[in-house]
Amino acid sequence: MGKPSPKYTAEFKQQAVRLHRERGGTYAETARELGVDPGSLSDWARRADAAQAPPEDNPFQMAEDLRRLRRENERLKRENEMLLKASAFLASRQL
């Protein structure tokens, strides 16, 4: 079985794309310097272009925030379900 893909922070992705654009050259050259996959770097650049966000906005940070909020939403749904089951159980015990 292969090793899992490394997780890069939104800031790292943004800086990698900025570095590639400043230096020019190929994705492979920049990726080799940073120790990342060239395909990942080109994907990050494509996603940054598609977002067309101002430099202070980080499209990668938005994606991380969305993942975090989805995980939190799932956790809250599970907690709510447990509370509903517990209240139904307690209500049935009191009858």
Side-chain angles (χ1 to χ4, degrees):
M1 199 146 112
K3 60 183 180 177
S5 301
K7 302 292 182 205
Y8 299 105
T9 64
E11 292 80 19
F12 177 82
K13 293 175 184 179
Q14 187 177 31
Q15 290 174 356
V17 170
R18 187 180 309 128
L19 179 68
H20 170 70
R21 289 181 177 157
E22 288 172 357
R23 291 187 179 174
T26 65
Y27 288 115
E29 292 169 345
T30 306
R32 193 172 21 258
E33 289 177 26
L34 297 172
V36 300
D37 181 63
S40 296
L41 181 59
S42 68
D43 183 51
W44 300 339
R46 187 171 15 87
R47 288 174 44 203
D49 289 341
Q52 294 181 346
E56 61 273 1
D57 291 343
N58 186 342
F60 304 110
Q61 184 64 46
M62 288 185 265
E64 283 184 13
D65 290 344
L66 181 60
R67 280 192 298 275
R68 181 185 53 79
L69 290 170
R70 284 183 174 156
R71 283 192 308 267
E72 183 179 355
N73 190 33
E74 286 302 314
R75 180 184 57 83
L76 291 172
K77 283 180 182 179
R78 286 191 309 272
E79 288 176 1
N80 189 36
E81 185 178 322
M82 287 182 352
L83 289 172
L84 288 172
K85 288 179 180 180
S87 65
F89 174 77
L90 291 174
S92 69
R93 300 278 296 177
Q94 292 179 352
L95 293 178

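When a residue number appears, it is its place in the shown sequence, counting from 1. Atom set for the values below is all heavy atoms of this structure, side chains included, hydrogens, waters and symmetry mates excluded.
When the ring-ring contact (aromatic ring centres under 6.0 Å, His included) test is applied to F12, the partners found at least two apart in sequence or on another chain are Y8. Checked against side-chain contact (heavy atoms from CB on, under 4.5 Å), A28 has the following partners two or more places apart in sequence or in another chain: T26, P38. Scanning for salt bridge (Lys or Arg N to Asp or Glu O under 4.0 Å) contacts around R46 gives D43, with sequence neighbours left out. In terms of the side chain to side chain donor-acceptor pair (under 3.5 Å) criterion, E22 has no residue partners (sequence neighbours excluded). Listed by chain and number, the residues in a side-chain contact (heavy atoms from CB on, under 4.5 Å) with S40 are D37, W44 (sequence neighbours excluded). With sequence neighbours left out, Q15 forms a side-chain contact (heavy atoms from CB on, under 4.5 Å) with R18. Applying the side-chain contact (heavy atoms from CB on, under 4.5 Å) criterion to R21, with sequence neighbours excluded, gives V17, A45, A48, D49.
Pairing each heavy atom of A31 with each of L41, the nearest pair is N-CD2, 3.8 Å. When all heavy atoms of T30 and G24 are compared, the closest pair comes out as OG1-O, 4.1 Å. Considering all non-hydrogen atoms of both residues, G25 and H20 come closest at O-CE1, 3.4 Å.
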Could you walk me through whether F89 and R93 pass the side-chain contact (heavy atoms from CB on, under 4.5 Å) test, one step at a time? CA-CA 6 Å; F89 174 77; R93 300 278 296 177; 3.6 Å; yes
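Residue R47 holds its CZ atom at 12.0 Å from CD of Q14, rounded to the nearest 0.5 Å. Put simply, CD on E64 and CD on E11 are 6.5 Å apart, with the number rounded to the nearest 0.5 Å.
Under a 3.5 Å cut-off, the side chain of S87 and the backbone N or O of L84 do form a donor-acceptor pair.
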Side-chain atoms of residues 70-77: list all donor-acceptor pairs with protein atoms under 3.5 Å, sequence neighbours left out, distances to 0.1 Å.
| unit_1 | atom_1 | unit_2 | atom_2 | d |
| --- | --- | --- | --- | --- |
| R75 | NH1 | E79 | OE1 | 3.4 |
| R75 | NH1 | E79 | OE2 | 2.8 |

